[in-house]
Amino acid sequence: MLQAPARQFRIIGALMRREMSTRFGREGLGFAWVIGEPLLFCFGVLLLWSAIKPEYEHGIRIGPFIMTGYMCLLLYRHMISFSVGALSGNVGLLHHRQIRTLHIFLARNLLEFLGGTAAFIIVYIVLLALGQVELPHNWLLLYAGWFTTAWVGFGIGLAFAGLSSRFDIMERLVPVLTYSMIPISGAFFMLHWIPQQFREVLLWFPFPHGIEMVRDGVFGHIAPTYYNASYAWFMGAVMQVFGLLLLAGAKNRVDLE
């Protein structure tokens, strides 16, 4: 009974190793760059905001505020952008009997999730050493928020990939759509800071929930937070099912070619 799950893990692991070698080369930094890329982006934004913003924003220190928001936003954007081209870049693998479309997307997204998680930990440790942030107020809530962010990001990535497999223009629209997520993601503001009528509208989107959970886990009662984890997971699941249905059709068309 345990052979089937173990086989799936081996397939996904092999695809992740292949992804690293094709993206970064066998002799390069490999997985280190998966961590280094979000790390450089986050530290760049931290330095910029520290130079132009006051030390505290609504009673919250600017360093940990940017860390909790921007790292979640990067996880969203990376999981979405690397999902869109996953199928077209790995068409040949689908002719192997054991490899399914879902394997390819799981491998890519797990790679981005692990890299983003490692980068988040490193940024947190650096800010902790500098006295910019304390240990999380609620570890489990921090983990839950991070996994919720990844779950929603995986759903959006699958949905956009499925739409891209049906409509060529989607590949051009996805970068625009990911940038349009920034104002509604809650990465650079907290829902408590905005009027209630706008807050209720933003909570219809699944993006802010995971970020608010992460901030609640880090800051605790320092700042009020607003989220519904069940709603975010439900919306993530809906988008995943929607994306997989579209991708199933795409796979059939690839086989026919």
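Quick note: residue numbers are just sequence positions, from 1.
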Below 4.5 Å, heavy atoms only, C-beta onward: do F82 and L111 meet side chain to side chain?
-> no
If we only count heavy atoms from C-beta on, is the L127 to R61 side-chain gap below 4.5 Å?
-> no
May I have the list of side-chain donor-acceptor pairs in residues 65-75 shorter than 3.5 Å, sequence neighbours left out?
from, atom 1, to, atom 2, distance (Å)
T68, OG1, P64, O, 3.0
T68, OG1, F65, O, 2.9
T68, OG1, R215, NE, 3.0

Rounded to the nearest 0.5 Å, what separation is found between the OG atom of S165 and the CG atom of L247?
-> 5.0 Å
Evaluate the ring planes of F205 and F207, with Trp represented by its six-membered ring, and classify them as parallel (under 30°), tilted (30 to 60°) or perpendicular (over 60°).
-> parallel
Where do R199 and I194 come nearest, in terms of heavy atoms and distance?
-> NH2-O, 3.2 Å
Kindly say whether D216 contributes a backbone atom to a donor-acceptor pair with the side chain of H137 at under 3.5 angstrom?
-> no
Side chains of M190 and T225: closer than 4.5 Å at any heavy-atom pair?
-> yes
Which heavy atom of T149 sits nearest a heavy atom of I211, and at what distance?
-> OG1-N, 4.0 Å
Gap between atom CE of M239 and atom CZ of F160 - 0.5 Å precision | 8.5 Å
How long is the span from the CZ atom in F105 to the CG atom in L158, to the nearest 0.5 Å?
-> 6.0 Å
Scan residues 174-185 for pairs that pass side-chain hydrogen bond (donor to acceptor under 3.5 Å, both in side chains), counting only residues two or more places apart or in two chains.
-> R77-Y179
Parallel, tilted or perpendicular, as decided by the 30° and 60° cut-offs, for the rings of F113 and W146 = tilted
Less than 4.5 Å apart, any side-chain heavy atom of Y226 and any of P208?
-> no
